[in-house]
There are 2 protein chains.
Amino acid sequence: MSKRPTEASAPPPRYRQVADALRAAIDDGRLADNEALPSERELTEQHQVSRDTIRKAVRLLEDHGLVYSDHGRGTFVAPALVRRMSRYIDGFSEDTRQRGGLPTQRILNLEFSPATMAIAQLLQLESGHPLTRVRRVRLTNGVPVGLHDAYFPLPPGVKLELQEVERARSLYQLLMERAGFAPVEAVENLFAASADAEEARLLGVPEGAPLLVCERITLSDRREPIEYCLMKYVSSYRYSARITQSSRLA
Amino acid sequence: MSKRPTEASAPPPRYRQVADALRAAIDDGRLADNEALPSERELTEQHQVSRDTIRKAVRLLEDHGLVYSDHGRGTFVAPALVRRMSRYIDGFSEDTRQRGGLPTQRILNLEFSPATMAIAQLLQLESGHPLTRVRRVRLTNGVPVGLHDAYFPLPPGVKLELQEVERARSLYQLLMERAGFAPVEAVENLFAASADAEEARLLGVPEGAPLLVCERITLSDRREPIEYCLMKYVSSYRYSARITQSSRLA
DNA sequence: GAGTGGTCTAGACCACGTC
DNA sequence: ACGTGGTCTAGACCACTCT
């Protein structure tokens, strides 16, 4: 038992509630781009919480690029250009929806194969360790935009069936339920490459067409690599990022 | 007067000092990958500051991907794979050095031209507004890896000379001194494209070779766009990113 | 149960920007 | 001078993990 697996559970902390309230005010336009938020001391009274709690809420919004604070001036709503930028794990479906597209997928292939030296090293396994490999075409509004090629180990005794992968709305969600897959962080490398014959055929582009390649290593809560994924996107696909000052540690 | 423009200035806040001390311990190996840091209460005694200050230090390191905290377990050193990932403004010189390369540049062209509609819109200026444009080749260890094409308005009366641009160690630094240029944030869009004849010649690749294109809009502290930069990289160039769970606001 | 990080408070003072 | 965000404290209690 211990904790309910579904529904209800605990209420979010106060600072999250405050953050949600502010986000709602931004989303529905009660606070315009670059408009100042109420001061922290005002928010303290409005929400009847301590200033520190208010600051945590604001910091959360700031981390997500929704507001920015300037010492001595105030806290302001980030312009939409910045607010739209965000990139989180399992981005494709989310990203696509956010841009107003309908994300779908077509499973090409589900196979079980031993790890090559290269992949074994990345996943910190011995070469030859059994892996599951899923190849998919990602589509936006029915048009192919990317190829995903994912490799991951499954716990002993767990086997995926093609049917369930095809039925699942999200591969990650399926892996979470079936294998305790719990990604919390990932590192990515991006570069450009040319489409080979097969890639060209699957994506509906000429052979040699430029592709955006994104290699991803997904990490568990213990920061152990649990998946390697190679993604290739046609040139119309956009990968968005927001970068900030280092406010350097050194 | 008001504040000294050079040297000395104020000491960093306590939490920064603590963060620096911890970072140093990680950098020189006193704390290994995935090793637990001392608990927050221990750090409180070691550094003679309140727990909140310790938490701020740890949070800073966490934001930069150097450590990760797990509720009820402790705080741990992030594996090197994650620690190495970081992307901040004016990344090229810094990135390249960090990967052990020697970054240089060759200025192709410094010109003054009116904004096109497309660029005017991005920079929130009226079409035709006078802009400065700097085209450069970026090299790593003497080998061309990227083309940068930057557009930005200068304050009335300020003019850049080709000589000073060539002499400067960093374009951003020069713009900071000469024009009060103060970037604090940027948004980027990445995609793939093919090299045209001129790009191929400048980068030393065949025409049609795949390039990683990165469009960047740089923002001031007031979140006003102050620069548009179009960057194109050869396929050996790697753009690195670290992505995290959304810990979603909704 | 013991130890960890996570939330929260009520105050104080400092640094900065604006008028 | 005044209002803003930034730093800091000393305590309290909660939630989680491990054994």
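Reckoned from all heavy atoms, side chains included, excluding hydrogens, waters and symmetry mates. In what follows, chains carry the letters A, B, and so on, assigned in the order in which the sequence lines appear, proteins first and then strands, with residues in each chain numbered from 1.
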So which one's nearest nucleotide on DNA chain C is more toward 5', B:R73 or B:R222? B:R73

side-chain hydrogen bond (donor to acceptor under 3.5 Å, both in side chains) partners for A:R30, two or more places apart: A:D28

Any chance you could list the contact pattern along nucleotides 6-13 of chain D? Use B for base contacts, S for sugar-phosphate-only contacts and - for none, protein heavy atoms under 4.0 Å, 5' to 3'. BBSB--B-

Sub-3.5 Å donor-acceptor pair from the side chain of A:T53 to the main-chain atoms of A:V49, do we have one? no

In whole Å, what is the span from the CG atom of A:L37 to the P atom of D:dG5? 9 Å

Can you tell me the distance, in whole Å, between the CG atom of B:D221 and the C1' atom of D:dG5? 14 Å

I need the CZ-P distance between B:F76 and C:dG3, as an integer number of Å. 16 Å

When rounded to the nearest 0.5 Å, the distance separating CE of A:M117 from OG of A:S127 is 6.5 Å

Donor-acceptor contact present, side-chain B:Q124 to main-chain B:P225, <3.5 Å: no

Salt-bridge contact B:R136-B:D149 (side-chain N to carboxylate O under 4.0 Å): no

For the residue pair A:Y68 / A:D70, report whether a side-chain donor-acceptor contact shorter than 3.5 Å exists. no

